[in-house]
Structure formats: C-alpha cells, structure tokens
Amino acid sequence: MKRIFILSVLLGAFGTLQAQFVDFNVEIWKGVFAAGDIDNDGDLDVIVSGDKDADNLEVGAILINDGTGSFTAQDGERVITAGRGGNIHFGDIDGDGDLDVIFAGWGCTNDVKAGIALNDGSGNFTLADTSSYPVLKANTITSCGFADFDLNGLLDYYFFGNDPGNCVIYFQQADGSFTPVADAIKTTQRYGAAVGDPIPYKFVEPEVTVVDFNKDGYPDMWINAADINAENATVDGEEQTRRFSYLFKNDGFGNLLQFAGAVVPYKKGNGASSWGDINGDGFPDMLLHGDGYLNSGEDNDRMWRVFANLNGSSIEKRWEQEIARQGSFGNGSVIVDWDNDGKLDFFTGGWNETAKRQEIALFLGDDPSQFTFTRSPLSDTYIQGASEQGLLTADLNGDNKVELLLNGFCGAPLNKRAAGYMVNQSTAASVLPAAPTGLNVKVESSEGEVVVTFSWIAPESNNGVTYNLALKNTTTGKWLYNPMAVVGGEKNGWRKIGGRAGNVFTNTQFELYNLPEGAYEYTVQAINGAYLGGAFAEPKTFTIGEGGNDPDEGGNDPDEGGNDPDEGGNDPDEGGNDPTGVDGASSYAPKVYTFGKKLIVEGNDGSTQLLKVYSIGGTRLVSATFAGSTEVELPAGGIYIVELTKNNAAPFRKKVLVK
C-alpha cells in the first residue's frame, strides 16, 4: 500500500498574474532534487532530500508521478538520503538499462549515508554493496557524480569531501571493479609554493560541476570550495582559509589538472556554478555565485556573475548584478531556456538584503551575443521566493514546458521551509531539435590499442544545444553510454531525466579508447536549451575485433580518410584530426600530422616550444624543446598523444596514428 502524498496548489493573485506553486508538503531547505523516470512508465518522478530544521535532521521523499504532475510518495524504506547541501545524480552504473543513483550530502545528525543506490527497473532502490561499489570513508562528503573520466566507455564516479586525500575518483575497470584514485586532481602551484611542488588541497565543502570546458570530449571539473592554506597553516593562532573557484582540466587519462587559463577575479565558496552555451559558439559559459570574504578578493556575498567561455582557453566576465545571498552550496541556480524562445535564461535566488525578503529571480536572455539579460516581472509577481534554496528544471506534466522545482525557506505567502514546483505558464512549448545527420564511426587500432571516433552533423538549432550518445555492446547486452532516453519507437528521443545536459556535452566529434572486442550499436540525439531531447538518428553498428578495421565498417583505410595527409587524414589543413578548440587559445594552432613513421610539427610563429609525446597508455616517449618546426620518428603501429607547450599558453594536445 503506497502512502498518498498530499499535494496542494497555492493560488494567489499578484497584479495581473496568477501564481501557481505545487507544494509537496515536505518541510525542507538546503536540499537537492533529481528528476527521472525511475519506474519506466513514461513520466518523470522526483527524488528530494535535504535538511529539515535547525536540528539538522535529514528529510526527503521519492515521489512517483501519475503523468499529470501529481505525485504519490513511494512507501517503504528510503535509502537515498543526501541530506543538507547534497548531490543526487542518475546514471546507469551497472549497464542494465535503468536509472541508478549516486548521492552524498553533509550536516545532518541522523543516519545519512553517501552511496550508490541500484534500481531494480521498477523504481525500487537498494543500497549497493560497498565491496562492489566503494564509497569514500570520510566524515563530510559534499559532492558526488558520474562521468567517464578516462574515456574507456565505462562509467566512473567520484566522491569529494573535506580535507586532503578526500577527493576521490573511482575508475571502472573492464571486469566491472572500481579503482579509487585519491590524487586525480592536481596542481603545479598553490599559494606561493614552488612550481612543480604540488601540495594536497585541504578543501572545506567542495562543490563540483562536471563540464567539458574546452570541447575536447574530456569531462573537466569546476570546483567551488573553501581551501585552508596548508603552507601558512596558522596566522595569529588561526588556520587561514580562502575561497576557491577553479577549473580542473582533464588530460584525457582521467587526471584533472588545475587550469591557469580559466581564472575568475573573485573566488567563491558555499555557492554554485551553472553552465550553458549562452552565445551559441559551442563552448559552455558559466553563471557563478557564492559567498566571498575569506581572502577571496570580494566582500559581497550577493553578487552574481556570468562569464563567457573564450574558445576553451580562458573566461571573461560579461554580466554581473547584486541580487541575493544563496545561503547554501550547490543547486542554487539554473541556466535553462525557460520561455522557449531559443535563448538561454537563468534563475538566481536567496536572501535579498535590499528588499528584506526571500526571492527566486528569473533573468531572460536578451542578446545572446552580448550576454545581456533582463529581469523578468515574473520574479516578483509569479515565482515563489526562497533562500537556502535548491533548484532544478524538468517537464513534470508532459507539455514540453519545464517546471521549476524549488526548495528552501520560502517567504510569503508560504512563510515556511518547503519543497514543490512552479508550473511553467509560458505561452509557447519548447521546440525539439531535429535528429543529427551524417553519423560516422572510425575505428583505428594498433597492437591491441583502439581509438573509436564518432562524428555527426549538428541539426539547425538554437543556443544551449548539447548531445547525447547512445552506445550499447550488443555482444554482452550492456550499455556503455546509456543516454537515459528512449531510443526508437513512438517516444523516440524522450529523455528519462530532467534538467541535465547531454552526456557528450557540446561535441559533434567524440572519441573512446580501448573498447573491448564485440559488436556495437550507437546513435545520437540533440538536446535543446530546456534539456528536452529531439529524436535519435537511425542507429548504426560497428565491430571491434573481427571485421573492426574493415574500411566499409569505418576502419582506417587511407582512401577513406585514414592517415594519408594528402587525403585529409591527420593533416589539420585538410580537415582531418584538427583539434579545434582543444586545450589552447585559437591563436596557438601548430600544424601536427604524421607521414610514414614521422611526426611532423610545424609551429605557427617560430616560437620555442616544448614537445612531449605519450603512448595511449600514458607512457612518455619524447620530451624535447625546439624552435619553429621539428620532426620526430615514432615506432610504427601506434596511437600517440602529442602535447605542445609554448610560453604561458595552455597546452595544445592531439592524437595521431603511425601505421
């Protein structure tokens, strides 16, 4: 027997508009939502967890949708208990096709566990055995999530918590086991330390957002936190703490290195970063908020800023406004196309010190190319105000218009800690993008090492588009990249999750390494700025192993665009493997290609450069300095990663094949 969760709709006239807030009747703040079709019935259900009151007691629910936006609380034991300021994310960690969950949080005094919850396909979750799915053993775990950090087609996960050694990525192995790496995030210089002398971070409440910053296909991390200065641990008897807002870029092997190119002028902690391609150039831009103080360079906790992503090489502030103090870290803002006009909007919120009230403010995209936004009148007349908030968007009633899930301390007319959602009353529904075209796969292999490159042509679409790869090993029946969406049939492209970008970000070319032998099926969909999915393209197949290098199956025949530079193989001038936007400013684009056994590097301005060449397994084979251009002979039959560094520019990386 399921327990009925009473929902109430608050109706109140404010000016000429009618406000509608569907109240879940859960006393909750500093909480987190996840929206997904956990029971596979074709609508989005809701998981919520947070803090109840000043006693720091975790409270939450799993709410089952009837398809119209009315919910019933799932009965039985609830194992997903993220707690205060937590994370809840969906992913198919065991490859069986349903939505599993990773969760973590902090600050609650009752029995709150971080962990992974496995779905039985009907929406019933069981806490995974930590012998199979290990969990960080730390008192305070504030962030978690799923991503394929080493690009081997297997889903990894992370738990990040306080103090050195507690930022751990768990890399999935071919046998389904997980290897924890506690030093996966790295820095070369920190608070005056000698260059090349890494010092472990001593984070407090790290908040992590996974994003492909430079459009190279590698999942990067943006981290907001407080960081205790370990070198000068005490001043006047007190540990020195700084706010910390930095990008950690993935080197392609799952190592995340602090990136000097994307530096914000003011550091933020106890806040949130939200990402979306606002100006439509293919690179995700950032909305950043959080508390200042703590040696951050800023003494205002109410300032919100938008930063433009400059081709993956740096960021630049384009918009700022003093709005409100969020009051809790993570989930406090959302970038989304709320009014379905093809331009990205965003929600902010918190305690407005000037107005002396809680608010959730909607800023509508005005001119995307100029990063201008206009505060919507709905902010004051329609949207329920909240501080210490958690936000998420999802289409809860199936009308192709996303609702705004919110929890927090809600001001008038509620005047209580609450959770629920605002119904989207926009006049236009979201326009779903067309299916990508020109799907192609190229399989390159040498001495047991394999690179699979997927590519497609983007459909005509608006700003904020990302892409979702569906990849299944049909030999084993396991999903490698579960798109968490319906592939084929009447609901082709309908997403089983809400409020999340595609799993290959903004890329229209994507590489995976060392997939096991077998037969595979893949397809791709485009996702619009409201995070709603268009139709998947007609699925295609390829094999690795027997028949895997047949050029008819997307192999490496140079006549089919393989490795002959005269045929457009690895010559970037011919459109081969040109790493546009990969790891560096657009002005730094050396010509890198192979001819026979030779790696040829032609510098674009004659500057002195440092050349490093690695095997696909990470072994460094070459380290040399040269000016202008150079040639290096490499062993035949290998796939290599070339890294070039010039002056203080971001490293330039590219993969090449020597036949």
Side-chain angles (χ1 to χ4, degrees), residues 30-32 34 47 49-50 58 60 79-94 99-108 111-119 125-150 154-173 176-186 200-211 219-228 244 246 248 250 254-256 269-270 272-273 328-331 390 500:
K30 301 182 180 180
V32 60
I47 304 174
S49 177
E58 189 276 336
V79 299
I80 301 170
T81 55
R84 181 180 181 183
N87 287 179
I88 301 174
H89 293 293
F90 289 115
D92 185 8
I93 191 64
D94 51 8
L99 302 183
D100 306 313
V101 165
I102 189 169
F103 63 96
W106 70 285
C108 292
D111 188 20
V112 175
K113 300 181 179 69
I116 290 176
L118 301 177
N119 193 342
F125 291 95
T126 303
L127 201 61
D129 189 333
T130 55
S131 63
S132 299
Y133 299 92
V135 177
L136 177 65
K137 294 180 180 179
N139 292 329
T140 303
I141 305 174
T142 57
S143 287
C144 63
F146 293 116
D148 179 13
F149 289 104
D150 52 359
L154 301 174
L155 197 60
D156 311 312
Y157 61 91
Y158 63 90
F159 286 105
F160 276 32
N162 291 3
D163 301 322
N166 286 334
C167 294
V168 181
I169 297 177
Y170 297 82
F171 290 93
Q172 186 171 175
Q173 308 302 308
S177 64
F178 292 87
T179 299
V181 176
D183 61 348
I185 62 169
K186 296 178 173 65
Y201 297 101
K202 191 175 182 181
F203 284 146
V204 179
E205 301 166 2
E207 173 61 24
V208 174
T209 305
V210 175
V211 61
D220 309 312
M221 281 185 177
W222 183 274
I223 299 178
N224 293 333
D227 183 25
I228 295 177
F244 185 97
Y246 277 104
F248 288 78
N250 193 334
N255 299 306
L256 294 148
N270 197 35
S273 66
S328 64
F329 66 87
N331 314 300
R500 302 296 178 195

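Here, residue 1 is the first one in the sequence, and each next residue gets the next number. Just so it is clear, the values below take in all heavy atoms, side chains as well, and ignore hydrogens, waters and symmetry mates.
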Residue pair [X] / [Y]: nearest heavy atoms and the distance that separates them:
X: Gly83; Y: Glu58; result: CA-CG, 3.7 Å
X: Ala34; Y: Phe90; result: CB-CE1, 3.7 Å
X: Gly161; Y: Cys167; result: O-SG, 4.1 Å

State, yes or no, whether a side-chain contact exists between [X] and [Y] at a heavy-atom distance under 4.5 Å.
X: Ser49; Y: Ile88; answer: yes
X: Ser328; Y: Arg84; answer: no
X: Thr126; Y: Val79; answer: no
X: Leu99; Y: Asp92; answer: no
X: Ile116; Y: Val101; answer: no
X: Asp227; Y: Val204; answer: no
X: Phe149; Y: Asp156; answer: yes

Checking the side chain of [X] only, and the main-chain atoms of [Y] only, is there a donor and an acceptor separated by less than 3.5 Å?
X: Asn119; Y: Phe125; answer: no
X: Ser143; Y: Phe160; answer: no
X: Tyr157; Y: Tyr170; answer: no
X: Asn331; Y: Gly86; answer: yes

Stepwise, does the side chain to side chain contact (heavy atoms under 4.5 Å, CB included) test hold for Asn87 with Phe103? CA-CA 5 Å; Asn87 287 179; Phe103 63 96; over 6 Å; no
Is the closest side-chain donor-acceptor distance between Thr209 and Ser273 under 3.5 Å?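 Present: a donor and an acceptor within the cut-off.
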Using the side chain to side chain contact (heavy atoms under 4.5 Å, CB included) rule, take Gln173 and Leu154 through it: C-alpha gap first, then chi angles, then the decisive distance, then the call. CA-CA 7 Å; Gln173 308 302 308; Leu154 301 174; 5.8 Å; no
Ring-plane angle category for Phe178 and Tyr133, please: parallel below 30°, perpendicular beyond 60°, tilted otherwise.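 Phe178 and Tyr133: tilted rings.
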List the steps and the verdict of ring-ring contact (aromatic ring centres under 6.0 Å, His included) for Phe248 and Tyr246. CA-CA 7 Å; Phe248 288 78; Tyr246 277 104; 7.2 Å; no
Please report the interatomic distance [atom1]([X]) to [atom2]([Y]), rounded to the nearest 0.5 Å.
X: Asp100; Y: Asp94; atom1: CG; atom2: CG; result: 4.5 Å
X: Met221; Y: Leu256; atom1: CE; atom2: CG; result: 5.5 Å
X: Ile47; Y: Ile80; atom1: CD1; atom2: CD1; result: 4.0 Å
X: Leu155; Y: Ile93; atom1: CG; atom2: CD1; result: 4.5 Å
X: Asn166; Y: Leu136; atom1: CG; atom2: CG; result: 5.0 Å

Just one of Asn224, Ile141, Ile223, Thr140 clears the side-chain contact (heavy atoms from CB on, under 4.5 Å) bar with Pro206, so which one?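 Answer after filtering Asn224, Ile141, Ile223, Thr140: Ile223.
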Would you please test Ile102 and Phe159 for side chain to side chain contact (heavy atoms under 4.5 Å, CB included) and show each step? CA-CA 9 Å; Ile102 189 169; Phe159 286 105; 3.7 Å; yes
What's the verdict on side chain to side chain contact (heavy atoms under 4.5 Å, CB included) for Asn162 and Glu205, showing C-alpha distance, side-chain angles and the deciding distance? CA-CA 6 Å; Asn162 291 3; Glu205 301 166 2; 4.3 Å; yes
Could you please spell out the steps behind the side chain to side chain donor-acceptor pair (under 3.5 Å) verdict for Glu207 and Thr142? CA-CA 7 Å; Glu207 173 61 24; Thr142 57; 5.8 Å; no
Decide if the gap between the ring center of Phe244 and the ring center of Phe203 is smaller than 6.0 angstrom.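 Phe244 vs Phe203: aromatic centres under 6.0 Å.
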